[in-house]
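Labels below follow one simple rule: chain letters A, B, ... track the order of the sequence lines, proteins then strands, and each chain is numbered from 1.
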Protein chains: 2
Amino acid sequence: MRSLSAVSDAELELLRSLAERRERFVAGEELVSEGDMSIRPRFILSGWACRQRVLPDGRRQIFSFLLPGDGLGLDRRPGPELSSVVALTALETADATPVLNAVQAGHAPGLARALAAIEPQEQKLLLDHMVRLGRQTAYERVAHFLLELQRRLEVAGLGDNQRFPLPLTQEIMADALGLSIVHVNRTLQQLRRERLLELRSGVTILLQREQLADIADYRAPPVRPGAPLSAARSDLEDSAQY
Amino acid sequence: MRSLSAVSDAELELLRSLAERRERFVAGEELVSEGDMSIRPRFILSGWACRQRVLPDGRRQIFSFLLPGDGLGLDRRPGPELSSVVALTALETADATPVLNAVQAGHAPGLARALAAIEPQEQKLLLDHMVRLGRQTAYERVAHFLLELQRRLEVAGLGDNQRFPLPLTQEIMADALGLSIVHVNRTLQQLRRERLLELRSGVTILLQREQLADIADYRAPPVRPGAPLSAARSDLEDSAQY
DNA sequence: CGTTGTGTTGAGCCGAATCAACCCCGGTGG
DNA sequence: CCACCGGGGTTGATTCGGCTCAACACAACG
């Protein structure tokens, strides 16, 4: 939240109080099904999830990844859900209803600003993903994707400017990037062989971020100044591992 | 609008009054640049446009098409534009500001409902497009894409259940579908050879809609009952050709 | 100690891109 | 009136990125 808007102490207190009503999911569990008519608004406290759609023949397209600090169902629009949401790791969520109520009542202008900033952010991620899928090579896609994750996780206080956790199988990356598992594997190997990154047991290190950004035409979004992020996050999610 | 929500006579009158302040664009003209901080909200009265992004090396990805009756900039969110909008044909637009004002003032509940329904619709189109790009073959992509256009144009009163105008070059379809021009050409030829569709001078006829839908796993969205659409549209856009 | 999921590697194939012509048609200007 | 030109569509030859199929290594786990 702090990465999106200044937030008052009272608002932070409200956010902390959410942690009381946690829900837990195991990897593979479905939080939202496509077509659901209304879902509980939540924040992700720890773990990763994704939005996806599955074709009748089993092909799958992953639209986006939900990381700790991200929300789902925050817009409270009535219509049917357009994609399902699935836990990729063990997952902890908090009910976001109190926040939405406070915002609606006008009691939390800082959080209101933050929530308003979320949608454009998600939209941007979606469009970037679409460019990857439609007009980039496998090599560019993987590089771009990892740079995006690095950025998001750093903002979330879960990584630094080159190292971050990556609890995704190559199958999941393949389904996100529109590639086959085998080809994701080979592309990652090429990037490692070229000493652009390292990948070991769920931890990724971008050795040459500049060069990767060049390869993938990755334009880093401007950093919001003056928000002590890692501190803000550990407030809320001290038990988060990724 | 009527396809999204019941609209009162007074509201229709308001819509009609918009046609007074038209703007015209020629094909290729840019209505919105990526990064623009605020744009005039508009409805498209006639002609086609698209949202797109261009990579530094010239590759282009088209995200969506804007058809007569569609709007842009209706959300009035402050942030920078995430994609540019370019006219694909000669284009007429109307300033949508009066509608947004009326809605904001609470004077147009029907239009408010309609506007609220627009975003999810666009989101759905975006996700469908992403599935095409990431997980469908060229053959499936083209079929799915044409079915989607058929549906949208029929709802807009600009086509019937198998025939509709298609003022797009194969280059534009290629940039939307993530394919090369040559391959779009060959795929269209295959579809014609198989007597699934006809394509002549800007008019498309889907000869076997069912079979096409089967090929592309196209799920037609449910039709809103009881909205006399073609009538509604010719009210506002009697000069529209496509 | 099997089993299962994930990563890795090789061989061969195929869908789609690229490159390069060529055609047709509608301007447009001499 | 006609030669020229440029954009869009079409076609063939060739290349290549990425997929499929298949096998195997390895670790976690029951």
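You'll find the ring centres of A/Phe65 and A/Phe145 inside the 6.0 Å limit.
OP1 or OP2 of C/dT9 lies within a sub-4.0 Å distance of a side-chain N or O belonging to A/Gln189. For the OP1/OP2 pair of D/dG9 and a distance below 4.0 Å, the side-chain nitrogens and oxygens of B/Asn185 include no atom meeting the criterion. Put simply, A/Arg200 has no side-chain N or O that comes within less than 4.0 Å of OP1 or OP2 on C/dG7.
As judged by a 4.0 angstrom heavy-atom cut-off over every strand, A/Arg59 is placed among residues making no nucleic acid contact. Within the 4.0 angstrom heavy-atom criterion, only backbone atoms of the sugar-phosphate kind lie near B/Thr169; the bases stay farther away. Within 4.0 Å of A/Gly178, counting heavy atoms only, lie sugar-phosphate atoms of the nucleic acid but no base atom. B/Leu179 comes within 4.0 angstrom of the backbone, heavy atoms only, and of no base. In this structure, B/Arg193 reaches neither bases nor backbone, as no heavy-atom distance under 4.0 Å exists between it and the strands shown.
One interatomic measurement links the two molecules: CG of A/Asp57 to P of D/dT20, which rounds to 11 Å at whole-angstrom precision. Atom CG of B/Leu88 and atom C1' of D/dG7 are 16 Å apart (whole Å). In this structure, CD1 of B/Ile181 is placed 11 Å from C1' of D/dG7, rounded to the nearest angstrom. Residue B/Leu199 contributes atom CG, which lies 14 Å from atom C1' of D/dG8 at whole-angstrom precision. As a whole-Å value, the separation of A/Glu171 CD from C/dG7 P is 9 Å. In this structure, A/His183 atom NE2 and C/dC13 atom P are separated by 19 Å, rounded to whole Å. In this structure, A/Gln190 places its CD atom 14 Å from C1' of D/dC16, rounding to the nearest Å.
The stretch residues 126-150 of chain B touches DNA chain C through B/Thr137, B/Ala138, each having a heavy atom under 4.0 angstrom from the strand.
Evaluated for a side chain to side chain contact (heavy atoms under 4.5 Å, CB included) with A/Arg42, the options A/Asp95, A/Leu91, A/Leu31, A/Leu18 yield exactly one hit, A/Leu31.
The residues B/Lys124 and B/Asp128 are annotated as salt-bridged, a charged nitrogen and a carboxylate oxygen being separated by less than 4.0 angstrom.
Side chains of A/Asn161 and A/Glu154: a donor-acceptor N/O pair is absent below 3.5 angstrom, by distance only.
Scanning all heavy atoms of the two residues, the minimum distance from B/Leu74 to B/Pro41 falls at CD2-CB, 4.1 Å.
If you take OH on A/Tyr139 and OG1 on A/Thr187, they are separated by 9.5 Å, rounding to the nearest 0.5 Å. Here CG of A/Leu188 is found 10.5 Å from NE2 of A/His183. Values are rounded to the nearest 0.5 Å.
Nearest-nucleotide mapping onto DNA chain D: of B/Gln170 and B/Arg186, the residue sitting toward the 5' end is B/Gln170.
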